[in-house]
A.B. asks: 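Submitted below is the structure of interest, expressed as structure tokens.
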Amino acid sequence: MKTLEHTPRPGYFGPYGGRYVPETLMPPLLELENAYEGIMNSPQYRETLDELLRDYCGRRTPITLCDNLSRELGFRLFLKREDLLHTGAHKINNAIGQTLLAKMMGKTHVIAETGAGQHGVATATAAAKFGLRCTVFMGAKDAERQAPNVQRMKLLGARVIAVQNGSCTLKDAINEALRYWISHQHDTLYVFGTAAGPHPFPTIVRNLQSVIGRESIEQMKQQTGKLPDYVVACVGGGSNAIGMLHPFVPYDHVKLIGVEAGGTGEPGCEHSAAINLGKPGVLHGELTYLLQDEDGQILESSSISAGLDYPGVGPEHVYLHSIGRVHYGIAYDAEALSAFSRLSRTEGIIPALESSHALAWVFKHAADIPAGSDVLVNLSGRGDKDLAHALHYIPLD
């Protein structure tokens, strides 16, 4: 497939991606692109990152066979356990890599946006590790429903700015972070959290998160003697999904599934399914699929999971959809909550609400998956952060 390294237009995936930004944002993006091509390809960077991923973050993460659910479903269900990483989610893979880059670039301050709070926690953690200042932008709505992560970020030394604009969610946090970066670029690097945004962010994030899929290929061969028949991951902006799915793209016999958030599923209600229900447009410096009205105005998104509450999606996902390599389905709030509860009670693993969307797709389509298949789900994070929110809807008795 065409990626940054194999396309005549750097930063594009087919017609999607690019760098649609104001002139004032070009200098830091060009500086970052040069650092990506130089520092991130150096042996010193790679060796240091590998050591940090192993000894600080806890890679490699295991793959767990869900014995009880597998008996119920009629096929083997495996989980890639990114929830067992330091800070509790896949986000540390990217945050530690970009913050290491900031340190090697001579920056003294990192900023980040966050929805569910996991990327904010991961960036604050990495900043503390490297002795850098950290500022995290978070939508006020997300800060309220993810209060434990806000407390964690502050404990780690980060300054958390609750964004009151727009829908008060991830989209608005990204807007504020980009504005801040423009005026503080001399000492600051924006540690972008998802596989979206202007070039080179989608490729940097994809490359840093692809450790998930690379490990999974090796581990599934070791544990089962073959690759899985299905690989499933939830999709908001798309970082965990592109990290899991991208290394599997060359294996045509493996069915790749991305799962978007459908919100409540009620007619006329908000959702976050940009690939299924959006159309092409420009947001946050990239050409991608967006939720928008007839006049091109961005619509508010909605999901019970803050990490999927985003009106767009990374451009590489749109490209993979356009060529038919990845199928993008939808899971609704109630289905995700049911999956959240089912995995907890059946396997003793509490998943993040984001990851619960991927599980929900598997449960909903179980009758269509051939008996004896191997299904691998990326469990991108653990559900500790979601307990207070989820328990409003799930009875414990």
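As the structure is a computational prediction, the values presented were derived from the model and not from experiment.
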A.B. asks: Side-chain donor-acceptor pair under 3.5 Å between Ser239 and Lys91, yes or no?
C.D. replies: yes
A.B. asks: Under the side chain to side chain contact (heavy atoms under 4.5 Å, CB included) test, which residues partner Ala195, sequence neighbours left out?
C.D. replies: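 Applying side chain to side chain contact (heavy atoms under 4.5 Å, CB included) to Ala195 gives Val205, Ile242.
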A.B. asks: Taking atom types as modelled, find out whether Glu82 and Asn93 have a side-chain donor-acceptor pair closer than 3.5 angstrom.
C.D. replies: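 Looking only at side-chain atoms, Asn93 and Glu82 do form a donor-acceptor pair, the distance falling under 3.5 Å.
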A.B. asks: Going by salt bridge (Lys or Arg N to Asp or Glu O under 4.0 Å), name the pairs with one or both residues in residues 110-133, residues two or more places apart or in two chains.
C.D. replies: Arg133-Asp187
A.B. asks: My understanding is that only residues two or more places apart in sequence, or in another chain, count here; which of them pass side chain to side chain contact (heavy atoms under 4.5 Å, CB included) with Leu155?
C.D. replies: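 If we apply the side chain to side chain contact (heavy atoms under 4.5 Å, CB included) test to Leu155, skipping adjacent residues, there are no hits.
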A.B. asks: Looking at Arg206, His317, Arg214, which one forms a side chain to side chain donor-acceptor pair (under 3.5 Å) with His246?
C.D. replies: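 Checked Arg206, His317, Arg214 against His246; only one passes side chain to side chain donor-acceptor pair (under 3.5 Å): Arg206.
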A.B. asks: Report the distance from atom CG of Leu320 to atom OG of Ser322, rounding to the nearest 0.5 Å.
C.D. replies: 7.5 Å
A.B. asks: Using side-chain heavy atoms (C-beta onward) and a distance below 4.5 Å, is Ser303 in contact with Asp333?
C.D. replies: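 Result yes, sub-4.5 Å side-chain heavy-atom pair found.
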A.B. asks: Using the salt bridge (charged side-chain N to carboxylate O under 4.0 Å, His left out) criterion, which residues pair with Lys279? Sequence neighbours excluded.
C.D. replies: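 Listed in chain order: nothing, the list is empty.
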A.B. asks: Hey, is Lys80 close enough to Glu215 for a salt bridge, meaning N to O under 4.0 Å?
C.D. replies: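 Salt bridge: yes.
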A.B. asks: Whether the Arg145 and His389 side chains hold a donor-acceptor pair (N or O, under 3.5 Å, no angle test) is what I'd like checked.
C.D. replies: no
A.B. asks: Quick one: do the Arg342 and Ser344 side chains pair a donor with an acceptor below 3.5 Å?
C.D. replies: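 Not at all, the side chains of Arg342 and Ser344 share no donor-acceptor pair under 3.5 Å.
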A.B. asks: Is there a path of hydrophobic side-chain contacts, each under 4.5 Å between heavy atoms of I/L/V/M/F/W/Y residues, joining Ile394 to Ile349?
C.D. replies: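 No; Ile394 is not reachable from Ile349 via cluster members.
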A.B. asks: Classify the side-chain pair Thr87/Thr125 by whether it contains a donor and acceptor separated by less than 3.5 Å.
C.D. replies: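 Short answer, no.
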A.B. asks: Show the nearest heavy-atom pair for residues Gly97 and Tyr45, with the distance to one decimal.
C.D. replies: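 Between these two residues, the closest heavy atoms are O-OH, 2.7 Å.
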A.B. asks: Which residues, ordered by chain and number, are linked to Met153 in its hydrophobic cluster, where ILVMFWY side chains connect at heavy-atom gaps below 4.5 Å, directly or through other members?
C.D. replies: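 Direct or chained contacts put Met153 with Val121, Val136, Met138, Val150, Leu156, Val160.
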A.B. asks: Is the shortest side-chain heavy-atom distance between Phe75 and Val362 below 4.5 Å?
C.D. replies: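 Yes, their side chains come closer than 4.5 Å.
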A.B. asks: Taking the side chain as every heavy atom from C-beta outward, state whether Val377 and Leu77 have any atom pair closer than 4.5 Å.
C.D. replies: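 Result yes, sub-4.5 Å side-chain heavy-atom pair found.
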A.B. asks: Please determine, by modelled atom types, if Ser301 and Asp309 share a side-chain donor-acceptor pair under 3.5 angstrom.
C.D. replies: yes
A.B. asks: Restricting to non-hydrogen atoms, name the atom on Lys107 and the atom on Gln185 that form the minimum distance, rounded to 0.1 Å.
C.D. replies: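 Heavy atoms only, the tightest pair is NZ-O, 2.9 Å.
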A.B. asks: When you compare the side chain of Leu308 with that of Cys234, does any pair of heavy atoms fall below 4.5 Å?
C.D. replies: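 Yes, side chains in contact.
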A.B. asks: Does the side chain of Gln209 pick up a donor-acceptor pair with the side chain of Asn240 at under 3.5 Å?
C.D. replies: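 There is no such pair (donor and acceptor under 3.5 Å, judged by atom type) between the side chains of Gln209 and Asn240.
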A.B. asks: Passes side chain to side chain contact (heavy atoms under 4.5 Å, CB included), Leu376 versus Ser216? Steps please.
C.D. replies: CA-CA 9 Å; Leu376 175 62; Ser216 296; 3.8 Å; yes
A.B. asks: Identify the heavy atoms of Phe130 and Lys103 that sit nearest to each other, and give their distance.
C.D. replies: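 Closest pair (atom of Phe130, atom of Lys103, distance): O-NZ, 3.1 Å.
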A.B. asks: Could you work out, with side chain to side chain contact (heavy atoms under 4.5 Å, CB included) as the rule, every residue matching Ala360, not counting sequence neighbours?
C.D. replies: Ala331, Glu335, Ala339
A.B. asks: Between Arg54 and Asp50, does any side-chain N to carboxylate O distance fall below 4.0 Å?
C.D. replies: no
A.B. asks: Taking atom types as modelled and ignoring hydrogens, do the side chains of Ser341 and Arg345 form a donor-acceptor contact shorter than 3.5 angstrom?
C.D. replies: yes
A.B. asks: Is there a side-chain contact between Asn175 and Phe137 in this structure, where contact means two heavy atoms from C-beta onward sitting under 4.5 Å apart?
C.D. replies: no
A.B. asks: Please give me the minimum heavy-atom distance between Val249 and Arg325, naming the atom from each residue.
C.D. replies: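 Closest approach of Val249 to Arg325, heavy atoms only: O-NE, 2.9 Å.
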A.B. asks: For the residue pair Tyr190 and Gln98, what are the closest heavy atoms and their distance?
C.D. replies: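 Tyr190 and Gln98 have their closest heavy atoms at O-OE1, 3.5 Å.
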A.B. asks: Going by ring pair (Phe, Tyr, Trp, His ring centres under 6.0 Å), name the pairs with one or both residues in residues 49-73, residues two or more places apart or in two chains.
C.D. replies: Tyr56-His86
A.B. asks: Could you tell me whether the side chains of Glu37 and Asn41 share a donor-acceptor contact shorter than 3.5 Å?
C.D. replies: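 Per modelled atom types, Glu37 and Asn41 side chains form no pair under 3.5 Å.
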A.B. asks: Please assess Leu256 against His327 for the test side chain to side chain contact (heavy atoms under 4.5 Å, CB included), listing each intermediate value before the final yes or no.
C.D. replies: CA-CA 6 Å; Leu256 305 181; His327 168 74; over 6 Å; no
A.B. asks: Using only heavy-atom distances, determine whether the side chains of Asp172 and Ser167 contain a donor-acceptor pair under 3.5 Å.
C.D. replies: yes
A.B. asks: Would you call the rings of Trp361 and Tyr230 parallel, tilted or perpendicular, where under 30° means parallel and over 60° means perpendicular?
C.D. replies: tilted
A.B. asks: Ion pair present between Glu286 and Arg19, side-chain N to carboxylate O less than 4.0 angstrom?
C.D. replies: no
A.B. asks: Does Lys226, at its NZ atom, have more than 12 non-hydrogen atoms belonging to other residues, nucleotides or ligands within less than 6.0 Å?
C.D. replies: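 Yes, enclosed.
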A.B. asks: Other than Leu291, which residues form its hydrophobic cluster under the rule that side-chain heavy atoms must be closer than 4.5 Å?
C.D. replies: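 In the cluster with Leu291 are Leu299.
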A.B. asks: Indicate yes or no: at least one non-hydrogen side-chain atom of Phe201 is less than 4.5 angstrom from one of Leu32.
C.D. replies: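 Yes; the side chains approach each other to less than 4.5 Å.
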A.B. asks: Before accepting this row, confirm whether a basic side-chain N of the pair Lys385/Glu354 lies closer than 4.0 Å to the acidic partner's carboxylate O.
C.D. replies: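 Yes.
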A.B. asks: If we ignore angles and hydrogens, is there a donor and acceptor under 3.5 Å between the side chains of Arg81 and Thr64?
C.D. replies: yes
A.B. asks: Is there side-chain contact between Ile63 and Leu79, with at least one heavy-atom pair below 4.5 Å?
C.D. replies: no
A.B. asks: Residues in ring-ring contact (aromatic ring centres under 6.0 Å, His included) with His109, at least two apart?
C.D. replies: Tyr180
A.B. asks: With clusters defined by side-chain heavy atoms of hydrophobic residues (ILVMFWY) lying less than 4.5 Å apart, directly or transitively, does Leu52 cluster with Val110?
C.D. replies: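 The answer is yes; both residues are in one hydrophobic cluster.
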A.B. asks: Among residues two or more places apart or on two chains, list those pairs meeting ring pair (Phe, Tyr, Trp, His ring centres under 6.0 Å) that have a residue in residues 266-285.
C.D. replies: His284-Tyr310
A.B. asks: Is it true that, when you exclude Glu72 itself, more than 12 heavy atoms of the residues, nucleotides or ligands shown sit nearer than 6.0 Å to its CD?
C.D. replies: yes
A.B. asks: Who pairs with Phe340 by ring-ring contact (aromatic ring centres under 6.0 Å, His included), at least two apart in sequence or on another chain?
C.D. replies: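 With sequence neighbours excluded, Phe340 shows a ring-ring contact (aromatic ring centres under 6.0 Å, His included) to no residue whatsoever.
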A.B. asks: Going from CD on Gln118 to CD1 on Ile92, what distance comes out if it is rounded to the nearest 0.5 angstrom?
C.D. replies: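 It is 10.0 Å, given to the nearest 0.5 Å.
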A.B. asks: Within a radius of less than 6.0 Å around CD of Gln44, do more than 12 heavy atoms belonging to other residues, nucleotides or ligands occur?
C.D. replies: no
A.B. asks: With sequence neighbours left out, write down each residue that passes side chain to side chain contact (heavy atoms under 4.5 Å, CB included) with Pro43, or none if nothing qualifies.
C.D. replies: Glu47
A.B. asks: Ring-plane angle category for His184 and His186, please: parallel below 30°, perpendicular beyond 60°, tilted otherwise.
C.D. replies: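 Parallel.
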A.B. asks: Checking side-chain polar atoms at under 3.5 Å, does Asn207 have a donor or acceptor matched by the opposite partner on Tyr36?
C.D. replies: yes
A.B. asks: What's the separation between atom CD1 in Ile217 and atom CD1 in Ile212, rounded to the nearest 0.5 Å?
C.D. replies: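 Spacing of CD1 (Ile217) from CD1 (Ile212) equals 12.0 Å.
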A.B. asks: So Lys171 and Ile298, side chain to side chain contact (heavy atoms under 4.5 Å, CB included) or not? Walk me through it.
C.D. replies: CA-CA 10 Å; Lys171 168 180 69 71; Ile298 305 301; 3.8 Å; yes
A.B. asks: Are the side chains of Met40 and Leu208 in contact, using a 4.5 Å heavy-atom criterion?
C.D. replies: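 Yes, close enough: below the 4.5 Å cut-off.
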